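Please read these numbers as outputs of a predicted model, since none were measured by experiment. Below, chain A is the first sequence line, B the second, and so on; all start at residue 1. The figures that follow rest on heavy atoms only: side chains count, while hydrogens, waters and symmetry mates do not.
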Amino acid sequence: MPELPEVETVRQSLQQKLAGLKFTGAQILMPKVIQTPDPDEFKETITDKKITKVTRRGKYLLIYLNGGFTLVVHLRMTGTLVYGDKDDLVTKHTHVILSLDNGCHLRFADVRQFGRMWLVPATSLSDLPGYKDLGVEPLGEMFTRDYMKKELRRRHARIKPLLLDQTFIAGLGNIYADEALHRAKINPERLATTLTPREIALLYHAIQDVLREGIENRGTTVRDFIDGDGRAGSYQELLRVYSREGEPCSCCGKEITRKKVGGRSSYYCPACQKA
DNA sequence: ATGACGTCCTGCCTGC
DNA sequence: TGCAGGCAGGACGTCA
């Protein structure tokens with residue numbers, strides 16, 4: 001699942017390929033993928049627009065166009081956004097094909113059809129549901145130990161579901177939340193309000209460490225993830241708990257356990273991360 | 001304010 | 001071997 005490091009990896013690859021190119025048209029094979037505007041207006045608006053830069057906010061990818069428009073993409077679970085040759089094979093999961101003025105294509109594909117796109121004026125980004133309420137960027141300067149401390153005190157929730165709450169920290173998902181909790185030796189079911197100052201500090205650094213390492217390794221490919229060039233990531237080899245149920249903990253040797261917390265699978269070491 | 005749950009959707013895995 | 005059914009899961013909406 002694309003989380004912050006995966007979306008950042010896509011951003012980096014696309015920024016390199018797309019900056020300066022112009023869209024020459026759009027083929028919309030699965031209309032529901034585009035939330036706004038309707039297909040005809042989408043095609044009309046995107047045609048002849050030049051790409052100025054590719055940025056990221058949380059798990060949202062932002063492709064800025066001249067004329068004040070932004071193409072916003074959320075990959076959700078299995079979405080991919082890949083730059084490639086116009087003659088590349090179109091699979092049954094390809095939903096949107098954007099043509100570029102160098103003869104190449106930018107294609108959005110998604111097996112589970114959860115991913116979404118929006119084409120909006122850059123000034124209207126805050127109108128997108130979910131986007132306007134995003135919390136801090138965990139690798140930005142607004143994310144401080146003090147912010148962590150205040151938010152954890154304020155929110156009466158278990159720590160794992162809280163880490164997945166995008167209005168708290170933008171960009172964490174199931175994989176990196178589990179990895180951060182393991183490094184900080186915190187059980188996913190602990191109430192946020194019960195974390196000690198030392199645990200909060202450990203978690204704060206663990207979150208930044210796992211995200212940075214994820215980006216350095218160009219993301220985690222558990223099943224589907226590929227970047228803007230179609231390449232898989234390699235951070236899955238360095239995961240300590242996620243998808244490692246039954247394997248020995250790298251820290252103490254005890255078996256990694258899986259348990260549902262807040263409706264989501266949580267992988268943790270019952271010895272290192274005591275309740 | 002929080003949490004539980006349904007919804008979206010397909011491929012994979014398990015069990016018979 | 002083949003089929004049915006359950007499950008995974010990010011975000012959002014609804015309800016308690």
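- Regarding contacts with the backbone of dC7(C), every side-chain N or O of Lys260(A) stays at 4.0 angstrom or more from both OP1 and OP2.
- Nucleotide dC12(B) holds its C1' atom 13 Å from the NE2 atom of His93(A), rounded to whole Å.
- In this structure, Ser265(A) reaches the sugar-phosphate backbone alone: every heavy-atom distance under 4.0 Å involves primed, P, OP1 or OP2 atoms, never a base.
- There is a side-chain donor-acceptor pair under 3.5 Å between Glu213(A) and Tyr235(A).
- Counting any heavy atom pair closer than 4.0 Å across all strands shown, Tyr131(A) reaches no nucleic acid atom.
- One interatomic measurement links the two molecules: CG of Leu4(A) to P of dA11(C), which rounds to 11 Å at whole-angstrom precision.
- Taken together through direct or relayed side-chain contacts under 4.5 Å among Ile, Leu, Val, Met, Phe, Trp and Tyr, Leu139(A) and Leu172(A) form part of one hydrophobic cluster.
- Phe168(A) has its CZ atom 17 Å from the P atom of dG10(C), to the nearest Å.
- The CG atom of Leu61(A) sits 14 Å away from the P atom of dA11(C) (whole-angstrom rounding).
- Between the C1' atom of dG10(C) and the CD1 atom of Ile175(A) lies a distance of 12 Å, rounded to the nearest Å.
- Tyr83(A) is connected to Leu65(A) through a chain of hydrophobic side-chain contacts under 4.5 Å among Ile, Leu, Val, Met, Phe, Trp and Tyr, so both are in one cluster.
- Using a 4.0 Å heavy-atom criterion, one finds that Tyr242(A) contacts the sugar-phosphate atoms exclusively.
- A cation-pi arrangement is present between Lys53(A) and Tyr64(A) under the rule of less than 6.0 angstrom and at most 45 degrees off the ring axis.
- OP1 or OP2 of dG11(B) sits under 4.0 Å from a side-chain N or O of Lys92(A).
- Computed from coordinates, the Met77(A) CE to dA11(C) P distance equals 10 Å when rounded to whole Å.
- Look at CZ on Arg258(A): it is 11 Å from C1' on dC13(B), rounded to the nearest Å.
- In this structure, His74(A) does not reach the dG10(C) phosphate: none of its side-chain N or O atoms is under 4.0 Å from OP1 or OP2.
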Letter by letter from the 5' end, nucleotides 1-8 of chain B scores (B base, S sugar-phosphate only, - none; protein heavy atoms under 4.0 Å) -SSS---B
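- Side-chain contact, Gln12(A) with Gln16(A): no donor N or O sits under 3.5 Å from an acceptor N or O.
- Backbone-only contact: Gln166(A) has heavy atoms under 4.0 Å from sugar-phosphate atoms and none from a base.
- Counting non-hydrogen atoms of other residues, nucleotides and ligands closer than 6.0 Å to NZ of Lys49(A) gives a total above 12.
- Contact annotation: Lys59(A) reaches the phosphate of dA11(C) (side-chain N/O to OP1 or OP2, under 4.0 Å).
- Separation of the Tyr204(A) and Tyr147(A) ring centroids does not fall under the 6.0 Å cut-off.
- One atom, CD of Glu6(A), and another, P of dG10(C), lie 11 Å apart when rounded to the nearest Å.
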